[in-house]
Amino acid sequence: MIGTLVLVITVALAATALFGLVTTVANRPPGRVHRIAVGICEVLVVVQAAVAVYLVLVNGVTLPEETTFLIYVLVSVCLLPIALQFATASDATAAAVTDPGTTPAASAAPAGADAGPSRWGGAVIAAGAIGTLVVVLRLQGLWSPVG
């Protein structure tokens, strides 16, 4: 693992989480800037994951908990895009899913209208960023090559 990149990822994820919380408090739904912030964080995490997986699988670095490490790598790459997908889902879709007693046509907005993402989307992005941050820090703790 690249120590400097872990620091950059930590700062980027913390800033993304803070930005998500600020927009939630401001009662604003996530927008393009959120997608860009998550994209930057995801690129950094994928680069770190690719380097780590290469070192473990190809370069022969032996770790005490190799399987656990690889599972954490997989989680670190998948968590933030999934959070972004949930954060930017429209309210009309969420209303149709959460109220099973009504038909989607009765609970959704008029045809062609999109309610857009919820104002809570920033909090979902913040939770995903914090979760990814915890996983990245755990990966750094697991990175202690043997030999």
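All heavy atoms count here, side chains included; hydrogens, waters and symmetry mates do not.
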Val77 vs Glu42 side-chain heavy atoms within contact, under 4.5 Å: yes

Joint cluster assignment, Leu74 & Leu133, ILVMFWY side-chain distance < 4.5 Å: no

For Phe86, the rest of its hydrophobic cluster, which grows through side-chain links under 4.5 angstrom: Ile82, Val124

Interatomic distance, Leu44 atom CG to Ser76 atom OG [nearest 0.5 angstrom]: 11.5 Å

ILVMFWY cluster, Ile9 and Leu70 together (side-chain gap under 4.5 Å): yes

Step-by-step side chain to side chain contact (heavy atoms under 4.5 Å, CB included) determination, Leu139 to Gln48: CA-CA 10 Å; Leu139 281 168; Gln48 182 76 319; over 6 Å; no

Any donor-acceptor pair under 3.5 Å from Gln140 side chain to Gly3 backbone: no

Trp120 atom CH2: more than 12 heavy-atom contacts under 6.0 Å: no

Leu7-Val136 co-clustered via ILVMFWY side chain contacts under 4.5 Å: no

Steps toward side chain to side chain contact (heavy atoms under 4.5 Å, CB included) verdict (Tyr54, Val61): CA-CA 9 Å; Tyr54 174 80; Val61 172; over 6 Å; no

Nearest atoms (heavy-atom pairs only) where Gly121 meets Ala87: O-CB, 3.2 Å

Residues which pass side-chain contact (heavy atoms from CB on, under 4.5 Å) with Val38, listed by chain and number, not counting sequence neighbours: Thr16, Leu80, Leu84, Ile125

